[in-house]
Amino acid sequence: MGKGTVPDYQVTTLLMAIWWAKMTTEERGHLTNAMAGSGIKLKFPAGPMPCVDKHSSGGIGDKTSFIIAPLLAELGFQIPMISGRGLGHTGGTLDKSEAIPGFNIALTDEQMKKAIKELNYFMAGQTKDLAPADKKIYALRDACECVDSIDLITSSILSKKLAEGLSALILDVKCGSSAFMTSLEEAKGLGNSLVSTCNSAGLVCHGLITRMDYPLGEHIGNANEMWEILDCLKPGAKEWHAILDRIEADPKAKGFCKLKDSIKSNKDILVYITIALCMALCMMSKKYKSEQEALDTLRNCWKSGKVFDRFKKMVVNQGGKLDEFEKKFEPVKKTLDSKTNCFVFKAPKDCKIKTFNGQMIGNLMVALQAGRKVASDNINHMVSMQFHAYPNQVLKANDPILTIYHPDKT
């Protein structure tokens, strides 16, 4: 199938049969391994820490990959992070990466190996030789209306991960109005399918189900999300470091940690979920004696500024120009801060924020060209949305809830 020798009508017949009859865990494991084996499998020289990765099922403002990868890489883990583009109301890691001028997502196999050897990580797109059967099936799923098949979603996600040569994988299965899986039942179904298939295919896997009714961090877009990543990783980022100090280890929690108190900003959500995913991988590695040791190590590493340095080195290694990016985005940042030449949505009266309709917000950003309806759509990286309010926050009349910036102010 990966070589293109199987006719489309036969592949389509198979996909429709899978959609109709569904698959057992063993069958999904065989399909996933076959898809992963349809092309090359990456192999990196063994290091002191295992080769790991993270996968998120997608949401709005989900930028955890940009923190998780350099943070774990600084601790010695190898992270071959191969990601995708945004489609529909959810954003894509590759689109955010390309907000940095010159950033190259199309790495060769040799460039990937070199990056792992020198920096312990890279952030790139799927190559033509990596699980090519997945590309074939992905294109035909839409044609035969099998997009919503849990079996085919599972095999598509995991075939690429198995081809990365991982030792362990952490799954962030999103649930809520901003996610593809809007109900807890749907999220559990996908999570169980992914974890059981990983185990069947021989890959150690752990999954977390996290809420996605609101953005991770204050920003939704591409360039502004990348700016928020830089802001949280820079040395001396006291506001972000204070959030790290409010996280405590909890062996009984599914994410191995919890916030000491209630959510006080959307930044809290970003930091907490990032640390929870990192702690899961740390504990899966069996290199840490306790959850507290893993948390202390992650927190101290983040605060040290070394993660920021490693992120910058990765960007330079892949052709990105951070100075040019910051110079280009600075006027947008000033506009957002001043709330001038922007649309500012304010509380119409005294109220309390219950939740956000994440899918509606994501669709609005797509309409403003921050995302794409179809793969061929172009993106305007400078379109930005900033959230000033967070869940359960009490607002006064005219308090700002969110700000929208578009280069074309009309």
Side-chain angles (χ1 to χ4, degrees), residues 54 56 59-75 91 93 96-97 99-100 121 123 172 210-212 214-250 255-282 292 294-315 322 325-326 329-330 332-334 336-337 384-391 393 402-403:
K54 159 256 176 190
S56 168
I60 59 169
D62 186 356
K63 55 190 76 71
T64 59
S65 294
F66 293 101
I67 309 172
I68 291 171
L71 177 52
L72 292 178
E74 186 61 33
L75 298 180
T93 299
K96 295 165 190 176
S97 300
I100 300 175
Y121 91 109
M123 302 188 77
D172 182 8
T210 60
R211 294 298 305 177
M212 182 43 82
Y214 27 73
L216 302 187
E218 292 185 350
H219 291 269
I220 301 175
N222 292 288
N224 60 325
E225 286 194 46
M226 190 55 65
W227 178 88
E228 189 170 29
I229 291 300
L230 296 175
D231 185 57
C232 79
L233 292 180
K234 285 180 178 176
K238 293 182 180 180
E239 183 181 2
W240 294 96
H241 294 173
I243 300 171
L244 284 168
D245 291 335
R246 289 169 45 220
I247 297 175
E248 61 183 6
D250 183 0
F256 303 103
C257 64
K258 64 181 181 181
L259 276 169
K260 295 178 181 178
D261 48 20
S262 61
I263 293 171
K264 297 178 181 178
S265 74
N266 291 308
K267 292 179 179 179
D268 290 4
I269 305 167
L270 173 60
V271 174
Y272 166 68
I273 291 180
T274 299
I275 290 295
L277 293 168
C278 286
M279 283 189 68
L281 284 169
C282 285
Q292 189 63 55
L295 175 59
D296 290 342
T297 303
L298 289 164
R299 184 159 46 205
N300 293 336
C301 186
W302 187 330
K303 289 182 176 182
S304 71
K306 292 180 180 179
V307 182
F308 181 59
D309 291 338
R310 189 167 290 263
F311 177 82
K312 288 193 297 182
K313 289 177 182 177
M314 181 276 297
V315 171
L322 271 181
F325 167 78
E326 292 185 297
F329 186 72
E330 185 62 29
V332 180
K333 179 66 172 61
K334 288 181 179 178
L336 288 169
D337 288 344
S384 305
M385 182 182 290
Q386 182 176 5
F387 276 75
H388 309 291
Y390 56 88
Q393 183 179 7
L402 60 86
T403 300

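When every heavy atom of Gly236 is checked against every heavy atom of His241, the shortest pair comes out as N-CE1, 3.8 Å. Residues Gly217 and Leu270 share a closest heavy-atom pair of N-CB, 3.6 Å. When every heavy atom of Cys301 is checked against every heavy atom of Val307, the shortest pair comes out as O-CG2, 3.5 Å. Contact record, Met279 with Cys257: SD-CB, 3.5 Å, taken as the closest heavy-atom pair. Pairing each heavy atom of Phe329 with each of Ala223, the nearest pair is CD1-CB, 3.8 Å. Looking at every heavy atom in both residues, Phe387 comes nearest to Pro215 through CD1-CG, 3.7 Å.
No more than 12 heavy atoms of other residues, nucleotides or ligands sit less than 6.0 Å from atom NZ of Lys313. Counting heavy atoms of neighbouring residues, nucleotides and ligands inside a 6.0 Å radius, atom NZ of Lys238 does not exceed 12 of them.
A donor-acceptor contact under 3.5 angstrom links the side chains of Gln292 and Asp296, judged on distance only. A side-chain N or O of Thr403 and one of His388 form a donor-acceptor pair less than 3.5 Å apart.
Atom OH of Tyr214 and atom CD1 of Ile220 lie 13.0 Å apart (nearest 0.5 Å). Atom CD of Glu228 sits about 11.0 Å away from atom OG of Ser384, to the nearest 0.5 Å. One finds the CG atom of Asp250 at 4.5 Å from the NZ atom of Lys258 (value rounded to the nearest 0.5 Å). To the nearest 0.5 Å, atom NZ of residue Lys96 and atom CG of residue Asn224 are 9.5 Å apart. Interatomic distance, OG1 of Thr64 versus CD1 of Ile275, reported as 11.0 Å (0.5 Å rounding). Distance CD1/Ile273 to CG/Leu277: 7.0 Å, rounded to 0.5 Å.
Residues Asn266 and Pro391 form a side-chain contact, since some pair of their non-hydrogen atoms from C-beta on lies under 4.5 Å apart. The shortest side-chain heavy-atom distance between Ser65 and Met123 falls under the 4.5 Å cut-off. Proximity of Ile263 to Ile269: side-chain heavy atoms (C-beta onward) are separated by under 4.5 Å at one or more points. No side-chain heavy atom of Ile60 sits less than 4.5 Å from a side-chain heavy atom of Met385. Residues Tyr272 and Ile243 have side chains not in contact (no heavy-atom distance under 4.5 Å, counting atoms from C-beta outward). At a threshold of 4.5 Å between non-hydrogen side-chain atoms, the residues Leu298 and Cys282 count as touching. Taking the side chain as every heavy atom from C-beta outward, Phe66 and Leu233 never approach each other to under 4.5 Å. The closest side-chain heavy-atom distance from Trp302 to Thr274 is below 4.5 Å.
The residues Asp261 and Arg246 are annotated as salt-bridged, a charged nitrogen and a carboxylate oxygen being separated by less than 4.0 angstrom. Ion pairing between Glu74 and Lys306 fails under the 4.0 Å rule for side-chain N and carboxylate O. A salt bridge between Lys333 and Asp337 is present, with a side-chain N of the basic residue lying under 4.0 Å from a carboxylate O of the acidic one.
A donor-acceptor pair under 3.5 Å is absent between the side-chain atoms of Trp240 and the main chain of Lys267, judged by distance alone. Side chain of Lys260 to backbone of Asp245: a donor-acceptor contact under 3.5 angstrom is found. The backbone N or O of Tyr390 lies less than 3.5 Å from no partner atom in the side chain of Lys264, so there is not a single donor-acceptor pair. A donor-acceptor pair under 3.5 Å links the side-chain atoms of Arg299 to the main chain of Leu244, judged by distance alone.
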### Message
Test side-chain contact (heavy atoms from CB on, under 4.5 Å) on Phe311 and Leu230; report intermediate values, then the result.
### Response
CA-CA 9 Å; Phe311 177 82; Leu230 296 175; 3.5 Å; yes

### Message
Walk me through whether Glu225 and Lys63 qualify under salt bridge (charged side-chain N to carboxylate O under 4.0 Å, His left out).
### Response
CA-CA 7 Å; Glu225 286 194 46; Lys63 55 190 76 71; 3.7 Å; yes

